[in-house]
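Counting begins at 1 with the first residue of the sequence. Every number for a ligand or one of its atoms is a count from 1 in the order of the listing.
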Amino acid sequence: MQPSLEKLRKFFRLEHENKYENKAIIGGLAKMLDFWEGEARADGIAEEVIQAVISRLRSYEKLSADGRAESLKGLWKRIGDTYPEAGQKPKTQQQPQQQAPRPPRPAQQEQPKKTEDTPAPRPQQPQPQQQQQKPKPVPAPRSESVAGARHSQTPAALSAKLTVLQGVGPAHAKTLENLGLQTLGDMLYYFPRRYEDYSQLKPIKSLFYGDVVTVLGTVQSLFNRPIRGGKSSVIEIVLSDGTAGIRLSFFNQPWLANRLKEGDAISVSGKVDQYLGRLVMNSPDWEPVEVENLHTARIVPIYALTEKITQKWLRGQMNQVVTYWAPAVVDALPENIRSAAKLMPLGDALMQVHFPESQDRLKSARERLGFDEIFYLQMGVLRQKRDWKSVEGRRFPVSDEWLGARLTSLPYTLTSAQQKSLEEIRADLDSGRPMNRLVQGDVGSGKTVVAALGASMVIENGAQAAIMAPTSILAEQHYRNFVSLLAGDGGFLQQSEIRLLVGDTPEAEKEAIRQGLADGSIRMIIGTHAVIEGPVIFKDLQFVVIDEQHRFGVDQRAELRSKGTNPHLLVMTATPIPRSLALTVFGDLDISVIDVMPEGRQPINTYVLRPQERERAFTLIRGQIKDGKQAFVVYPLIDESEKIEARAAVDDFETLSKEVFPDLKVGLLHGRMKPAEKDEVMLKFRDRQYDILVSTTVVEVGVDVPNSTVMLIEGADRFGLAQLHQLRGRVGRSADQSYCLLIPTHEDATENERLQAMARTNSGFELADLDLKTRGPGEFLGTRQAGFASSLKMASITDVPLIEKARTQAQALFERDPDLSQPEHTLLAEAFERFWGEGKGDVS
Ligand code: ADP
Ligand code: MG
């Protein structure tokens, strides 16, 4: 593992041992960013990972202990996605070949998975060497291209090498390259990581412990004092401003003795500390006051650093660049858009974002720069949608009579929302364009049947359909569902025309299925990723359904689509998509929302219980089972490497089945069972051979056993909100009152914000918004979204007003001049092309 990751792990572990008190590092975990970032870059760690670490650690301090545990765990998991070796046990061997430092690359090259999703179909223009990564809608434009975009039309000076700067020689230029900085333009777009507001000067007399301030004064005395038996030294200065004096300590900076002497006037900035009851400042930032007050007495930018350069030095260089070149930047955004959106001119924004005159100006600058990012993304998304629609899709019309017959054969009437979605799908299938639709509906809203009916329209017209689910349990369940919906009484298919293909399917059967898919005798295939594995060839695949889309890697989705020619695509998600994301990340998809629950459903009564109240939960379960119902008991998965104090499904299964419910039938399901064993347990539970199913989170996704009415979640504080909501969705699937009982690991956690939110609302949308606000988009929404969000350097994916503003403008412009071919848009067109990468005209 890379040393910087190793280090991260060490501190996380320490922090875990310290009960997440933010003490693993003096001054808080965020302090480690000061050195870690540079080290990570030197290790060649992916920029996205670095950014993830930065943003997590920066907000770490503000979180509750629970939130912190959660945050670090999520972060480590995120790191593990990119660096699987980091997810391993600590003993993992180092792999030197992976450690070769490399310059930061655009994210989509390094991690294609992170940046794309449902691709635009451009089969007529194959780009052989890009095959694998070809579908790349909404890629995450990286700093390089962003910078390139914005100063594309500016004086040649901006593409000048950094060596033109005073004080930057070839060696420094090389160092700056580690930060992705090669040209003056890159520098302009290298935004501060944060700011320190030193704009309030204070007299020393009125300082308080804990203040972060700038003070001006003269050096009264200066001592160099050896410490630790002479191994180190500390320079102690008494600084006085006439109102009082304060002691400054500088550790291990002996050279200061030559730089400063009694009587020198300096300004110092930093935090006021305490030592033996007296106020002190430890190693504050300082500078002589004759010099322009660049580092102090104002809002000071703090940049991400790399080895061998200091904050002060970089800031000085930045000042040079910004002062001379920001005013020279040509603003590609047309004046009318700029004034309609009330935005600061680009040059001013670049100036203010580096060296803000005030918090207000900084805010405007950030808004302007954020607007640009979203605006270009929106333009891309709109163009992509247009391109998508410009390809031909086969038509699959069905008659009202045919559809009517399908509907009457269902065991229930579709809800109005299901009907509407179905009509939308029907229209798409008869539009002559490939469908590219996302069906979004809360857990239990009945998406499956909509997909089944959509698929049957295509099958009715002679083509094939494929449905891909993230787990074999779910695929199996869909299979049974589809068979009974489409091949049962009143169905129009033979059972043999619908098949199930999962990893566990015997090889001989797989072979037969492949044969059937190739010759067309199988018309609908349902399965896991096994469906896309190598040799599967379809005779005529025209309809592709991806269930629980956020569970899939991008490549898998693309691969399934590539098994047909411009097939119609339906992706389904139970993860509610907050409005901001629907507008941005999913802006290229058509969206159907199933926002009505099937008739007779009651809200699930949700309670947070203290661990001591577990008996009450058992009583409720007992009562429900007496009424012929069933119950789930779910435990958090245990990560063996961390001994989190959570109750384990396997351990507690014994107790539950032998001591608590000896008279009831209790089944056990967990991730380490073989798929066939899992299916067997699920089937038995469904057939009521078990009253209670003790399980890990493998039941989270999609499992449908309407007779169960209790969901008891142990260690509930260990789960994310989205997960809790998904788990709860396993019950409440019939007209009977259902219950969700949440028991946290410790009594303190009953106040946990997520658990309280669960008790407060049943609405997945409300919960999603909350989750997005507290944890950011990455965790909640899977890979495409995470990649997208991290491509935004300035804009926040949760900033709905900004997103809407940018979208409105992008849309209006797109309607006027979709190709940006009008002369007044030349600058913009060029900036746009650069933003999305050279030669990638279709943004895909
Ligand atoms: P999800 O949207 O979570 O995938 P499912 O498709 O699994 O939901 O449906 C949840 C349950 O609701 C299933 O048992 C299904 O048979 C049932 N269901 C679906 N539509 C209706 C309806 N219109 N009326 C009654 N029950 C329905
Ligand atoms: Mg489902």
Side-chain angles (χ1 to χ4, degrees), residues 403 406-423 425 437-456 467-486 488 491 526-528 545-552 570-577 591-604 629-630 632 682-683 685-688 698-709 711 722-736 738 740 762-765 767-768:
L403 189 56
R406 298 276 73 71
L407 294 178
T408 43
S409 74
L410 296 178
Y412 40 70
T413 316
L414 291 188
T415 62
S416 56
Q418 284 171 316
Q419 277 172 32
K420 182 156 175 283
S421 303
L422 187 62
E423 280 309 325
I425 291 170
R437 183 169 293 279
L438 175 78
V439 173
Q440 178 193 345
D442 213 338
V443 234
S445 60
K447 295 180 289 293
T448 314
V449 63
V450 173
L453 291 166
S456 57
I467 289 92
M468 192 155 78
T471 65
S472 59
I473 290 181
L474 194 53
E476 162 91 14
Q477 178 183 295
H478 279 332
Y479 170 72
R480 269 182 271 115
N481 235 315
F482 280 42
V483 165
S484 82
L485 288 173
L486 305 177
I526 297 160
T528 55
V545 180
I546 312 276
D547 195 13
E548 308 289 349
Q549 63 91 21
H550 62 290
R551 293 271 162 159
F552 282 99
L570 187 66
V571 297
M572 305 203 286
T573 181
T575 311
I577 295 165
I591 298 185
S592 294
V593 182
I594 305 190
D595 52 2
V596 177
M597 285 289 171
E599 196 128 329
R601 296 277 175 82
Q602 309 183 38
I604 301 160
K629 306 296 175 204
Q630 291 161 280
F632 291 99
M682 271 317 293
L683 280 178
F685 185 60
R686 154 176 302 242
D687 298 341
R688 303 199 196 178
V698 287
V699 294
E700 177 187 339
V701 184
V703 168
D704 184 36
V705 182
N707 190 51
S708 46
T709 53
M711 168 60 68
Q723 222 178 355
L724 288 173
H725 181 63
Q726 290 286 334
L727 284 169
R728 175 168 62 184
R730 297 312 112 217
V731 298
R733 298 185 151 239
S734 68
D736 300 307
S738 289
C740 175
N762 262 260
S763 157
F765 279 85
L767 296 173

Select one of side chain, backbone, both or neither to describe which atoms of T413 lie under 4.0 Å from any atom of ligand 1, heavy atoms only.
-> backbone

For V443 and M597, which heavy atoms make the closest approach, and how far apart are they?
-> O-CE, 3.3 Å

Run the numbers for me: atoms of ligand 1, each under 4.0 Å from some heavy atom of D704, listed by number.
-> 11 (C), 13 (C), 14 (O)

Heavy-atom proximity to atom 2 (O) of ligand 1 ranks first, among Q477, K447, M597, H478, for K447

Report the residues that fulfil salt bridge (Lys or Arg N to Asp or Glu O under 4.0 Å) with D736, sequence neighbours left out, ordered by chain and then residue number.
-> K629

Part of M572 within contact of ligand 1 (heavy atoms, under 4.0 Å) = neither

Between S445 and ligand 1, which part of the residue brings a heavy atom under 4.0 Å of the ligand: side chain, backbone, both or neither?
-> both

Would L727 and F632 satisfy side-chain contact (heavy atoms from CB on, under 4.5 Å), going step by step from the backbone distance to the final call?
-> CA-CA 9 Å; L727 284 169; F632 291 99; over 6 Å; no

Minimum heavy-atom distance between S738 and S708, given as atom pair plus value = OG-O, 4.1 Å

Looking at ligand 1, does any of its N/O atoms fall within less than 3.5 Å of an N/O of G446?
-> yes

Per-residue contact class, T448 against ligand 1 - non-hydrogen pairs under 4.0 Å = both

Counting from 1 in the order shown, the ligand 1 atoms closer than 4.0 Å to a non-hydrogen atom of T415 are 23 (N)

What atoms of ligand 1 come within less than 4.0 Å of a heavy atom belonging to Q418?
-> 19 (C), 20 (N), 21 (C), 22 (C), 23 (N)

Side-chain donor-acceptor contact under 3.5 Å, Q418 with T415 | yes

First locate atom CE of M682, then atom CD of E476, and finally report the distance between them rounded to the nearest 0.5 Å.
-> 9.5 Å

Begin with the C-alpha distance, continue with both residues' side-chain angles, and end with the deciding distance and a verdict on side-chain hydrogen bond (donor to acceptor under 3.5 Å, both in side chains) for D704 and Q477.
-> CA-CA 8 Å; D704 184 36; Q477 178 183 295; 4.8 Å; no

Where on Q440 is there a heavy atom closer than 4.0 Å to ligand 1, on the side chain, on the backbone, on both, or on neither?
-> neither

Does the N or O separation between G441 and ligand 1 drop below 3.5 Å for any pair?
-> no

Supply the atom-to-atom distance L422 CG to L407 CG, rounded to the nearest 0.5 angstrom.
-> 6.5 Å

What atoms in ligand 1 come closer than 4.0 Å to a heavy atom of R601?
-> 11 (C), 12 (O), 17 (C)

Purely on distance, is any nitrogen or oxygen of E599 under 3.5 Å from one on ligand 1?
-> no

For T448, what residues pass the side chain to side chain donor-acceptor pair (under 3.5 Å) criterion, not counting sequence neighbours?
-> none

Which atoms of ligand 1 have any heavy atom of V443 under 4.0 Å away?
-> 3 (O)

Does a donor on one side chain and an acceptor on the other come within less than 3.5 Å for H725 and D442?
-> yes

Heavy atoms only: give me the nearest I526-Y479 pair and the separation to one decimal.
-> CD1-CA, 3.7 Å

In ligand 1, which numbered atoms sit nearer than 4.0 Å to a non-hydrogen atom of P598?
-> 21 (C), 22 (C), 24 (N), 25 (C), 26 (N), 27 (C)

Go through ligand 1 atom by atom and flag the ones less than 4.0 Å from a non-hydrogen atom of L414.
-> 23 (N)

Just which atoms of ligand 1 are under 4.0 Å from any heavy atom in P706?
-> 14 (O)

